[in-house]
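Below is one structure, written out as structure tokens, with a few remarks after it.
In this text, all values refer to a predicted model and were calculated from it rather than measured experimentally. Protein chains get the first letters and strands the later ones, always in sequence-line order, with residue 1 at the start of each.
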Amino acid sequence: MPEGHTIHRAARLQRRRFAGSRLSLDSPQGRFSEGAAALDGRTLITIDAYGKHLFYRWEDGETLHVHLGLFGRFRMWTSDPPEPTDGTRLRWRADAGTLHLSGPTACELLDPDAEVAIRARLGPDPLAPTPDGPVRFARGLARRRAPVGQALLDQALIAGIGNVYRAEMLFLAGINPLRSAGDVTTAQADQLWSLAVTLLGIGERIGRIVTVDHARRGYRRPRDVPRGERLYVYRRHGEPCLVCGAQIERVALSGRTVWWCATCQPS
DNA sequence: GCTGCATGATGAA
DNA sequence: TCATCCTGCAGCA
């Protein structure tokens, strides 16, 4: 589930439901018992998202850092929450609802220095845009020799891209994932950044990744595109390209599989 | 019940 | 590049 869009969406929905509330926290699994006890009964001020990281601000200045990793997942109920599973690292409850967090890579209290260190190693976030974001991204890309498909997963270059968006962005930009990042033109770098802003924005709004041109495929909105037609190349090895009909290829890159169309993304 | 797999990231070799 | 950590689910017996 979790690329940058999931994180920003979680921040927005949880903020809306819980910001300003006094929360009861515990760790049914027991692996975050001390932290939960430290926060129990305090008021949540707000939640900041950056890249794939979440920072929860509590009264009295505490910060809770959450990173979902590959398996992490939030579940939220407005009424009648189920019993927590064995994997529920953190549970919190307020009048407005109940939240369970399972499987995170990080769920920890953070001192200010540690947060600065985390933020310092992250590149620009297309969902937290600043004026210099596109330029920082383009410069970073131009400086790298690694394949562009590998570079896009580097959170120091662009924060929030994961394996689905990397494959889909490269398809839409017509760039072969194995091409050297440094050989990507400035215009293509700008296009990749714009695609990231647009695609992650759609994902943040509707809660799932849809990268196909919904109008061209006969749907009114991205959210109307049915499962199975939402992506151009991700996990479509051997199937026909939705644009040209050629077979989708795949290759391992920086330990993860990337898919592409050899015709639409020539080397 | 078991196996394998997944939209992530790190540290050692 | 590999091993490791983090869970839940589908697919199978």
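Distances shorter than 4.0 Å separate none of the side-chain N or O atoms of Gln29(A) from OP1 or OP2 on dC6(C). Distances shown here put every side-chain N or O of His5(A) at or beyond 4.0 Å from the OP1 or OP2 atom of dT7(B). Between Tyr165(A) and dT7(B) there is no side-chain N or O to OP1 or OP2 distance below 4.0 Å. An OP1 or OP2 oxygen of dG8(C) is reached within less than 4.0 angstrom by a side-chain nitrogen or oxygen of Arg75(A). Look at Thr85(A) and you'll find a side-chain N or O under 4.0 angstrom from OP1 or OP2 of dG8(C). An OP1 or OP2 oxygen of dC5(B) is reached within less than 4.0 angstrom by no side-chain nitrogen or oxygen of Arg235(A). Arg31(A) has no side-chain polar atom (N or O) that falls below the 4.0 Å cut-off from OP1 or OP2 of dC5(C).
Of the candidate nucleotides dT7(C), dC9(C), dT7(B), dT7(C) has the atom lying nearest to any side-chain atom of Arg89(A). If you check dG8(C), dA9(B), dC6(C) against the side chain of Arg73(A), the one that comes closest is dG8(C). Side chain of Phe71(A), nearest nucleotide from dT7(B), dT7(C), dC9(C): dT7(C). Closest contact between the side chain of Asn163(A) and the listed nucleotides dT7(B), dC6(C), dA9(B) involves dT7(B).
Counting only N and O atoms by type, the side chains of His53(A) and Asp48(A) include no donor and acceptor under 3.5 Å apart. Side chains of Tyr56(A) and Gln14(A): a donor on one and an acceptor on the other come within 3.5 Å. In the model, Gln188(A) has a side-chain atom that pairs as donor or acceptor with a side-chain atom of Arg179(A) under 3.5 Å.
Atom C1' of nucleotide dT7(B) and atom CG of Leu127(A) are separated by 14 Å, given to the nearest angstrom. Regarding Leu68(A), its CG atom lies at a distance of 19 Å from the P atom of dA6(B), rounded to whole Å. In this structure, CG of Leu90(A) is placed 15 Å from C1' of dC6(C), rounded to the nearest angstrom. For the pair His53(A) NE2 and dA9(B) P, the computed distance is 7 Å after rounding to whole Å. Protein atom CG of Leu70(A) is 14 Å distant from nucleotide atom P of dT10(B), rounded to whole Å. As rounded to whole Å, 15 Å separates atom C1' of dT7(B) from atom CZ of Phe74(A). Look at CD1 on Ile202(A): it is 21 Å from P on dT7(B), rounded to the nearest Å. Between the CD atom of Glu3(A) and the C1' atom of dA6(B) there is a distance of 12 Å, rounded to whole Å.
Backbone-only contact: Arg121(A) has heavy atoms under 4.0 Å from sugar-phosphate atoms and none from a base. Within the 4.0 angstrom heavy-atom criterion, only backbone atoms of the sugar-phosphate kind lie near Ser102(A); the bases stay farther away.
With both ends at atom C1', the span from dC6(C) to dG1(B) equals 22 Å, rounded to whole Å. Atom P of dA13(B) sits at a distance of 15 Å from the matching atom of dC5(C), rounded to the whole Å. Taking atom P in both dC5(B) and dA13(C), the straight-line distance is 16 Å, to the nearest Å.
In summary, the aromatic rings of Trp92(A) and Phe18(A) are positioned with their centroids under 6.0 Å apart.
With respect to Glu115(A) and Arg57(A), a salt bridge is recorded, a charged nitrogen being found less than 4.0 Å from a carboxylate O. Looking at Arg12(A) and Glu204(A), a side-chain N of the basic residue comes within less than 4.0 Å of a carboxylate O on the acidic one, giving a salt bridge.
In this structure, dC2(B) forms a base pair with dG11(C), meeting either the Watson-Crick or the G-U wobble geometry with both donor-acceptor distances under 3.5 Å.
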